[in-house]
Amino acid sequence: MLIVNNFIGGEWTGSSSGATFESINPADTSDVVAVVSRSVREDVDNAVEAAKGAFRRWRLTPAPRRGEILFRAAELLAKRKKELAELMTREMGKVLTEALGDVQEAIDMSYFMAGEGRRLSGETVPSELPDKDCKSVRLPIGVCALITPWNFPMAIPAWKIMPALVSGNTVVFKPSSYTAACAAQLVEILQKAGLPAGVLNLVNGSGEEAGGYLAAHDGIDGLSFTGSTAIGLAIAKGCAEKGKKVSCEMGGKNAIIVMDDADLDLAVEGAVWGGFGTSGQRCTSSSRVVVHQAVYDRFLKMFSDAASRLRLGNGLDEKTDVGPLINEAQMKKVLNYIEIGKGEGATLLTGGGVCREGSCAKGYFIEPAIFAGVTPGMRIAQEEIFGPVVSVIKARDLEDAVRTVNNTAYGLSSAIYTRDVNKSAYAERELDTGIVYINASTIGAEIQMPFGGTKRSGYGHEEAGGRGGALDMFTKWKVIYRDFSGKLQKAQIDR
Ligand code: NAP
């Protein structure tokens, strides 16, 4: 069992109240992964103060030097990849191959942002006047609060921490309570890589108490949040009222379209992986599949056969396909949606029950569930369930399918399986989501590309990855005009 403290001003320290909470393995609730400091307001105040104090020197540290620290962190992450992935699987349940991918994203982001230390470019443009030049430079915002969810315990914090740091900001990081041990490992690696005291501060604690207080703190200059839509929008509102820069990446109700000309084996594999990977607990999970009427019955049969073959269990066992849900509350929420679906008249084709057999006995396991006969307006087709539940909806044609996909409050990710280049081009243009996949499932992102959603999936569009998105969130522009003509300004007003 690990002891996870806060990291404030370069020191690992317990909560000033002495209070703690436990981080539990969702695949085996008798396994306490870590005992974690439960921060109170005073701890958040101290972390913000430390970040403020460190800002002056860090912003003046040459960006390439800042990048070198991130490069060293990437090397350390890579060295410890397997051990970190195993901890992740134990702490939040995703199967080991997915956890390895999560750590790999953190490694990739660290290398990528290390390189940005040598770019961080603005623009130099011609002036309309002789003997004058114009340029724009990127500057750090100041103290950035970063609040992250549990489903990507290293990738998402890295998406935020690395661009924030390379841009010259200092950070107060509040990770999810469910993945505090993973977060502490990431912070420790950055410390070992040579980050000066106070540049990155970690406060653990409950979302409402520590997270809410941090989000509303007058000492922060910007905030980047990833998590549920309701909390994200409340945070965005609070920041807007105070004039703080904010970006929120939030929930999704992602969909795959399967056309009549699709390679059905590929489409089924995409629907299984997109719907049930990470037990359906990805922001990009494909919780809807919209199928052309001509292949609807065939697809349903293939999809439900494949889903019923999935093996549930502890993610550290390499035979496991699907791990547990994160906690009891989430399990109850998913079971409630299964009842809602049945009540709405959808047909539960497979799964949907709690699994308590064998290695599932002490965890939060639900059998992968597929609903057929779902209509676009049903709650199970509209609301984010965040569990292994997929709704299959019949479509008349491509236009009908695209309309159905766009007919939700969310807009994170979508996919189409088709062999027809014209259909894929139409879908690419018309699907109102931040990410569109052609002949691939709704999940998977590369850190050199922007990432983010439309509508209630994204506010402020941080687009965590990519150059523009991440750096735009964590920098502000300053434009500089230099006149070396020696002429009075008044004389130059009208050319
Ligand atoms: P969540 O409950 O919204 O929590 C996210 C983070 O916010 C956690 O650190 C949480 O702390 C904290 N928090 C909770 N209440 C807060 C409050 N009142 N003020 C400030 N912070 C607060 O979300 P989650 O269950 O961790 O993650 C699942 C959600 O995240 C899903 O909706 C999913 O779609 C979304 N997500 C979106 C993306 C994306 O890129 N669009 C990526 C991943 C996940 P505690 O853990 O301590 O409660």
Side-chain angles (χ1 to χ4, degrees), residues 6-12 46-78 106-124 135-146 157-174 183-203 214 217 219-224 244-245 247 447 462 464-480:
N6 291 334
F7 184 64
I8 298 177
E11 302 288 335
W12 290 95
N46 291 340
V48 172
E49 238 0 85
K52 258 192 193 169
F55 178 61
R56 195 181 141 63
R57 283 188 63 186
W58 184 244
R59 85 180 166 89
L60 296 178
T61 301
R65 297 283 94 77
R66 299 195 295 248
E68 282 163 17
I69 295 174
L70 302 193
F71 190 92
R72 283 199 292 278
E75 303 273 87
L76 292 173
L77 281 165
I107 296 168
D108 294 341
M109 196 62 176
S110 309
Y111 279 130
F112 183 53
M113 285 296 151
E116 287 304 318
R118 290 201 176 263
R119 288 182 287 261
L120 274 186
S121 47
E123 276 187 317
T124 303
K135 67 175 179 181
S136 59
V137 291
R138 282 185 189 274
L139 297 177
I141 314 170
V143 174
C144 292
L146 310 180
W159 284 1
K160 299 183 191 299
I161 291 172
M162 305 306 170
L165 293 182
V166 81
S167 304
N169 302 282
T170 54
V171 166
V172 180
F173 169 34
K174 154 55 189 112
Q185 297 296 313
L186 182 61
V187 170
E188 193 185 87
I189 281 171
L190 279 153
Q191 178 196 13
K192 288 195 169 140
L195 212 56
V199 170
L200 171 62
N201 303 277
L202 169 72
V203 283
L214 173 63
H217 205 290
I220 64 166
D221 301 292
L223 188 149
S224 168
K244 311 256 168 171
K245 195 163 185 183
S247 121
I447 53 88
E462 162 187 342
R467 280 198 76 205
L471 296 183
D472 282 352
M473 168 59 207
F474 292 109
T475 56
K476 60 188 178 193
W477 289 108
K478 181 180 277 185
V479 174
I480 300 161

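What you see is a predicted model, and the numbers here were worked out from it, not measured in a lab.
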Check: T475 main-chain N/O paired with K245 side-chain donor or acceptor under 3.5 Å = yes
Donor-acceptor pairs under 3.5 angstrom involving side-chain atoms of residues 46-55: please list them, not counting sequence neighbours.
unit_1 : atom_1 : unit_2 : atom_2 : d
N46    : ND2    : E42    : O      : 3.3

Do the non-hydrogen side-chain atoms of L471 and M113 ever get within less than 4.5 Å of each other?
-> yes
L70 versus M162, closest heavy-atom pair with distance | CD1-O, 3.5 Å
Taken to the nearest 0.5 Å, the spacing of D221 CG from C144 SG works out to 7.0 Å
Between T61 and R57, which heavy-atom pair has the shortest distance, and what is it?
-> OG1-O, 2.9 Å
Donor-acceptor contact below 3.5 Å, side chain K244 vs main chain I220 | yes
Heavy atoms only: give me the nearest G198-T170 pair and the separation to one decimal.
-> O-CB, 4.2 Å
Going by heavy atoms in the side chains, are W159 and S224 under 4.5 Å from each other?
-> no
Can you label the angle between the W12 ring and the F7 ring as parallel, tilted or perpendicular, going by 30° and 60°?
-> tilted
Is the closest side-chain heavy-atom distance between L186 and L77 below 4.5 Å?
-> yes
M109 and P163, any side-chain heavy atoms less than 4.5 Å apart | yes
Less than 4.5 Å apart, any side-chain heavy atom of W58 and any of L165?
-> yes
R65 (side chain) donor-acceptor with G117 (main chain) under 3.5 angstrom | no
Heavy-atom side-chain contact between K478 and K135 under 4.5 Å = no
Can you tell me if N169 uses its side chain to pair, donor with acceptor, with the backbone of G142 under 3.5 Å?
-> yes
Minimum heavy-atom separation for F112 to R119, with atom names?
-> O-NH2, 4.0 Å
Determine the minimum heavy-atom distance between G10 and A197, stating which atoms define it.
-> CA-CB, 3.8 Å
Any side-chain heavy-atom pair from L120 and S167 closer than 4.5 angstrom?
-> yes
Ion pair check, R72 and E75, cut-off under 4.0 Å = no
Passing candidate, side chain to side chain donor-acceptor pair (under 3.5 Å) with E188, options K192, Q185, Q191 = K192
Taking C-beta and beyond as the side chain, do L146 and F474 meet within less than 4.5 Å on heavy atoms?
-> yes
From CG (L200) to CD1 (I69), nearest 0.5 Å | 11.0 Å
Identify the two heavy atoms, one from I8 and one from L202, that lie closest to each other, and give their separation to 0.1 Å.
-> CG1-O, 4.1 Å
So, the side chain of S136 versus the backbone of G122: is there a donor-acceptor pair under 3.5 Å, distance only?
-> no
